[in-house]
Amino acid sequence: MSIELNHTIVAAQDKKASAQFLADILGLEVGPPFGPFIPVEIPNGVTLDYYDGDQGPFAPQHYAFLVSDDDFDQIFGRIKSRGLTYWADPYHRRVSEINTNDGGRGLYWEDPNGHNLEIITRPYGSGA
């Protein structure tokens, strides 16, 4: 049996603005609305479906993206050009640093809803 993640729902205070934020940083497109969702499709076919929750508080989630070295440079450039705070660690202790875990590069930043976003160039446990 082949199992693949197809989509996940991302709670947001403003689904349109949040989807556009992610798409802009990652260099992707926002898809047309689908029911109550605003989708951002990742190149591997997984869709993040942004949804205006019940307007109550929601728990921030973590979304990690495996990217090439060239994509890392471009995404990192967009993060810096927007003046976004970024960290080398998920606990946000190493501000304005990138990590070199597994012989790659990685960093974390937050979206407008407080979701912890991450880009890495090597999967966890894959290298040096």
Nearest 0.5 Å, what's the [atom1]-[atom2] distance between [X] and [Y]?
{"X": "I38", "Y": "L22", "atom1": "CD1", "atom2": "CG", "result": "13.0 Å"}
{"X": "Q74", "Y": "I25", "atom1": "CD", "atom2": "CD1", "result": "12.5 Å"}
{"X": "S68", "Y": "D73", "atom1": "OG", "atom2": "CG", "result": "8.0 Å"}

Checklist entry - Under a single-linkage definition using a 4.5 Å side-chain heavy-atom cutoff for Ile, Leu, Val, Met, Phe, Trp and Tyr, are I9 and Y63 assigned to the same hydrophobic cluster? => result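 Each belongs to a different hydrophobic cluster.
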Next on the checklist: Hydrophobic cluster membership, with links at side-chain heavy-atom distances under 4.5 Å among I/L/V/M/F/W/Y: are V10 and F37 in one?
Outcome noted: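 Different clusters: V10 never reaches F37 through Ile, Leu, Val, Met, Phe, Trp or Tyr contacts under 4.5 Å.
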Where the side chain of [X] meets the backbone of [Y], is there a donor-acceptor pair that is under 3.5 Å apart?
{"X": "S81", "Y": "R78", "result": "yes"}
{"X": "N99", "Y": "N101", "result": "yes"}
{"X": "H115", "Y": "Q61", "result": "yes"}
{"X": "T100", "Y": "G103", "result": "no"}
{"X": "N116", "Y": "E110", "result": "no"}

Item to check | Positive for side-chain contact (heavy atoms from CB on, under 4.5 Å) with L66, one of I42, I120, T121 | outcome: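 Going through I42, I120, T121 one by one, the side-chain contact (heavy atoms from CB on, under 4.5 Å) with L66 is satisfied by I120 alone.
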Restricting to ring pair (Phe, Tyr, Trp, His ring centres under 6.0 Å), what partner residues turn up for [X], sequence neighbours left out?
{"X": "H92", "answer": "W87"}
{"X": "F34", "answer": "none"}
{"X": "Y124", "answer": "none"}

Checklist entry - Should S126 and D102 be marked as a side-chain hydrogen bond (donor to acceptor under 3.5 Å, both in side chains) after you check the CA-CA gap, both sets of side-chain angles, and the distance that decides it? => result CA-CA 6 Å; S126 68; D102 291 299; 4.7 Å; no
Checklist entry - Where do I98 and Y108 land on the side chain to side chain contact (heavy atoms under 4.5 Å, CB included) test, with the steps shown first? => result CA-CA 8 Å; I98 62 172; Y108 299 79; over 6 Å; no
Residue pair [X] / [Y]: nearest heavy atoms and the distance that separates them:
{"X": "P60", "Y": "G114", "result": "CB-O, 3.2 Å"}
{"X": "N113", "Y": "D14", "result": "OD1-N, 4.4 Å"}
{"X": "P39", "Y": "P33", "result": "CD-CA, 4.3 Å"}

Would you call [X] and [Y] a side-chain contact if the rule is heavy atoms closer than 4.5 Å?
{"X": "V95", "Y": "T85", "value": "yes"}
{"X": "F21", "Y": "L117", "value": "yes"}
{"X": "L28", "Y": "P43", "value": "yes"}
{"X": "I119", "Y": "L107", "value": "yes"}

Next on the checklist: Once side chain to side chain donor-acceptor pair (under 3.5 Å) is applied, what residue pairs with a partner in residues 23-38 remain, sequence neighbours excluded?
Outcome noted: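 Those involving residues 23-38 are Q20-D24, D24-R82.
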Next on the checklist: With side chain to side chain donor-acceptor pair (under 3.5 Å) as the rule and sequence neighbours excluded, what pairs involving residues 37-51 come up?
Outcome noted: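 The answer is none; no pair qualifies.
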Next on the checklist: Does this structure show an ion pair linking D69 with R122, if we count only N-O contacts that are shorter than 4.0 Å?
Outcome noted: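 Salt bridge absent between D69 and R122.
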Checklist entry - Residues in side chain to side chain contact (heavy atoms under 4.5 Å, CB included) with K80, at least two apart? => result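 K80 satisfies side chain to side chain contact (heavy atoms under 4.5 Å, CB included) with F76, Y86 once adjacent residues are dropped.
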